[in-house]
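What follows is a short report on a single structure.
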Amino acid sequence: MGCRALMIVCLLWLQYAYANVEKVIFVAPAAEPLPTDASIDNLLLTPLSEQFPIARTHINASFPDKESPKGTETWLLLEGLHPKRRYEVRICWMATQPTSFWLYTHTIDHAFSKPGLLTSLSTYAYSRHERLGSEDIQQLQLRKTKPGPGEPESTFLFLQVYAAADYFTLNQTLMENVPPVAVDIILDPYLLNVFPRSLLPTGLYLLLIACGAWFISGQVARLFTIQNIAENDAEKKSK
Ligand SMILES: *[C@@H]1O[C@H](CO)[C@@H](O)[C@H](O)[C@H]1NC(C)=O
Ligand SMILES: *[C@@H]1O[C@H](CO)[C@@H](O)[C@H](O)[C@H]1NC(C)=O
């Protein structure tokens, strides 16, 4: 019975390993409220927060070359983070779109003090301004967290995502134009800084199965013993 529980754990692990997931684990920095002058809002980055932890979107990818060895960059905003809490950000994509992802988090100071990062961020923000319609921008504003009065202090980080196409095909169209990759990007706070919150149901499920298996195996063992004793008794009587 314990063996079955172990098997299920292994199966879950296999599933986890085969799903296409890349992640970054980080500890949120000290409290730093969003600047009030809306300069960060003006970047039109997709925000992720504990309130809105999932973004389902398409990310541009490209084949790596000398200038961009990790493909195309995308920037997002991780906001409303609790200072010093551990988080992970996962990006999940389908096996039918082979892609390599790299995830990095940057504090505002770091991003603004490194010329390379600043250029990349502002280029991305410009392209967002050109591309997004007023409806898209409204959608973004709906995802904004609004800290109420008396809420604990919060902080934020930039998330930089690189996406490089990772396939070869004889189809010339696909080799010249990499289609955008459908992804889920998920912000996951850790419970007590050790366990990702979204894995809690799986953890509880496994615990239940393990306990159940232990309990049932005890019952079965007892049943067998009782049966054996009964059979022995019956044999003795028939002698
Ligand atoms: C992806 O790249 C195409 C072509 O360069 C551009 O038109 C489009 O706006 C980009 N999309 C995103 C989500 O960046
Ligand atoms: C190449 O791929 C594109 C996009 O998936 C598809 O529309 C097209 O039909 C393919 N061309 C060939 C020759 O298979």
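Whatever order the structure lists them in is the order used to number ligands and atoms, beginning at 1.
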Atoms in ligand 1 with a heavy atom of Asn60 nearer than 4.0 Å: 1 (C), 2 (O), 3 (C), 8 (C), 10 (C), 11 (N), 12 (C), 14 (O)
Taking the six-membered ring for Trp, are Phe156 and Phe158 parallel (under 30°), tilted (30 to 60°) or perpendicular (over 60°)? perpendicular
Selected option - heavy-atom contact closest to atom 8 (C) of ligand 2, from Thr169, Asn177, Leu174, Asn171: Asn171
Tyr124 N/O to ligand 1 N/O under 3.5 Å: no
Quick one: are the ring centres of Phe26 and Tyr190 less than 6.0 Å apart? no
Of all heavy-atom pairs between Ala61 and Val178, which one has the smallest distance, and what is that distance? O-CB, 3.5 Å
Got the closest protein heavy atom to atom 14 (O) of ligand 1, with its distance? Arg131 NH1, 3.0 Å
Should Trp102 and Trp75 be regarded as members of a common hydrophobic cluster, given that ILVMFWY residues are connected when their side-chain heavy atoms come within less than 4.5 Å of each other, either directly or indirectly? no
Phe52 and Leu76: same hydrophobic cluster, using ILVMFWY side-chain contacts below 4.5 Å? no
For atom 5 (O) of ligand 1, state whether the nearest protein heavy atom is under 4.0 Å away. no
